[in-house]
Amino acid sequence: MANNNSVLALITILSLSTVVATAGRFTTTTSPSQSDGCESIFCFNRFINLTSSSPEEVCEQTYGFLPCTTTATGNLFLVIVYGYLMYLAATHLSAGSELLLQILGPGLVGGLCLPVLGALPDAMLILVSGLSGSTETAQDQVSVGMGLLAGSTVMLLTSIWGTCIVVGKCDLQNSVAQDNKDTKGFHLIGSGVSTDIWTSYSAMIMAVSVLPFIVVQFPQILHSTSGRHTAVLLALILSISLLIAYCLYQVYQPTLQKRHLDYAKHKHVRSRILKFLKMRALGRLVDNHGEPNREVLIKLFNSIDANQDGSLSVPELRALVVGMQLYEINLNEEDAVAKVMKDFDTSENNEVEFDEFVNGIGRWLQEAKGFKKTTSVAGPADSLKYVHDYYEETKKEHALLGDQTHEEEEEEGVDDPRTTTIKAVLLLLLGTAIAAAFADPLVDAVDNFSAATSIPSFFISFIVLPLATNSSEAVSAIIFATRKKQRSASLTFSELYGAVTMNNVLCLSVFLALVYVRGLTWDFSSEVLVILIVCIVMGVFGSCRTTFPLWTSFVAFSLYPFSLILVYVLDYGYGWS
């Protein structure tokens, strides 16, 4: 696919070059008797002039040679062509990033490179929208960048988010989606998707990432014309700081996730051993005072002590752990035995004496009692309840963390790392080159189309440009969601939240730097309000729950037309911009 896209990109560029070679330097409308200086049947001017423009209008060619026009039809054609090229750029960047991830692993590449490369096309378009031309021209074109920023965020969190719920839905049982089981159809409550707890953290981070928007809006909120330049600088500093913090979090997140997962596994092993001992003790694991029942524990201890030497060895503890049959957590038995031994063996002689066993069980029971605040610990009958609750909660906690090692599919190693690396670098360079070359022409085409049709450039960039720069990312997210597994759903929504976070920190940093350096006016109150509403609503929604029934997709879908209507009403009804 990547090779085919490269060929298509080359053909498109060569076609444009051929068009330019046969086209005039500028576009005007002439009478039928006049020659337009073009003899080729591929003459771009003749195609463009299907929609007439006034004789006085003259267009300016980007880079001095790319085709240009002043007509609506011509600029629509250019928007489609350049938009397709930006789509190819995003596709190449995505393909190159995935290959690089196979070589170098998730740490630095997955945490830093992939989010930056994913936001690169948007950042390029935002940069060129206010970089060239006079201050007045930049101020006019910068609305294209703001439209792209707002449109990308809204599209990812509304239409794409909702579509992923629809295509990834599974049957819900006890408020948890069952992998690969979809028998309830479009049941608004009985079907949906479940994600891990890390996806909720990603949604929370996304909601926090809107802080720079609030800072830059302070002068407008206070109806003050002074201090706007300072507010832009403060928002820029905050945005860059959040960008650095987010990248560091992404780099170290796999390590943090592994530590949390290891701890959750160990806690689940402890709860399972308690439940096993409780069943063997027939409800008499604790006495009437809620303390470990030594008489019962000595019998349990002796039943575990195969050698009857008054102490438990590592092999005997291993037999106990293996007997738990904890297949659902894909347990590393050696690691589990080592941690259980560490819990019990306070004398560090690599053996567990009876007193150490009693004290260890007592500590585990105290942890189980405190796990639920509502648990009563009045006597032996209650112990069965809180031990059972402790076991169920630790199992649920492990499931929420998302055990990657429990995935059935094994990732295949790279057969030829050198060739794969070269291919990844070439794809990244090609994608970057295409994005850098055609970002400026695309912005010019959007601005010219807006002038020719009197449609505000914001709405064109809000609706059209995100389809070009985010389509490959959106399609991959939807395809991944169709696997109908918690793991794939977690990765899908984490990717969406991460893309929006990069919009809010990286792309916004580029935008604020443009506004500050060129001395432009920040006057995007309605657009900022839309971004805040969508990010906060979906961020709070995603951070407060890990299961999303089908009805939640309609909440997301409804936010897209709401956003468009809100901007229109605020801009043209109340004159916010």
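The first residue in the sequence is number 1, and the count goes up from there.
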Check: [X] side chain, [Y] main-chain N or O, donor-acceptor pair, under 3.5 Å:
X: Lys484; Y: Val167; value: yes
X: Asp447; Y: Val443; value: no
X: Ser194; Y: Ala177; value: yes
X: Ser553; Y: Leu550; value: yes
X: Thr163; Y: Ser159; value: yes
X: Asp196; Y: Thr199; value: yes
X: Ser494; Y: Leu491; value: no
X: Ser450; Y: Ile455; value: yes
X: Glu527; Y: Ala150; value: no
X: Thr69; Y: Thr71; value: yes

For Gly431 versus Ala89, what's the shortest heavy-atom pair and its separation?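 So the two residues come closest at O-CB, 3.3 Å.
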Closest heavy-atom contact between Leu157 and Trp161?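 Heavy atoms of Leu157 and Trp161 come nearest at O-CB, 3.4 Å.
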- Item | Val567 side chain near Ser563 side chain, heavy-atom distance below 4.5 Å | no
Test Phe557 against every option in Val166, Ile165, Thr158 by the side-chain contact (heavy atoms from CB on, under 4.5 Å) rule and name the one that passes.
->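 Exactly one pass, corresponding to Val166.
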Regarding Ser152 and Asp122, do their side chains bring together a donor and an acceptor under 3.5 Å, going by distance alone?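 The criterion, which ignores hydrogens and geometry beyond distance, is satisfied for Asp122 and Ser152.
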Have Ser525 and Gln217 got a donor and an acceptor in their side chains that come within less than 3.5 Å?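 Short answer, yes.
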is_close_aromatic([X], [Y]), centroid dist under 6.0 Å:
X: Trp551; Y: Phe554; value: no
X: Trp198; Y: Phe493; value: no
X: Phe524; Y: Phe511; value: yes
X: Tyr516; Y: Trp522; value: no

| Stepwise side-chain contact (heavy atoms from CB on, under 4.5 Å) test for Gln139 and Arg518 | CA-CA 9 Å; Gln139 185 67 55; Arg518 300 218 60 185; over 6 Å; no
Rounded to the nearest 0.5 Å, the CG atom of Leu156 sits from the SG atom of Cys164 at a distance of 9.5 Å
In this structure, CD1 of Ile197 is separated from OG1 of Thr195 (nearest 0.5 Å) by 8.0 Å
Would Ile80 and Tyr84 count as a side-chain contact (heavy atoms from CB on, under 4.5 Å) if you check the C-alpha gap in whole Å, the side-chain angles of each, and the deciding distance to 0.1 Å? CA-CA 6 Å; Ile80 294 173; Tyr84 175 69; 5.6 Å; no
Anything under 3.5 Å between a donor and an acceptor, one on a side chain of residues 530-542, the other on a protein residue two or more places apart or in another chain? List them.
none

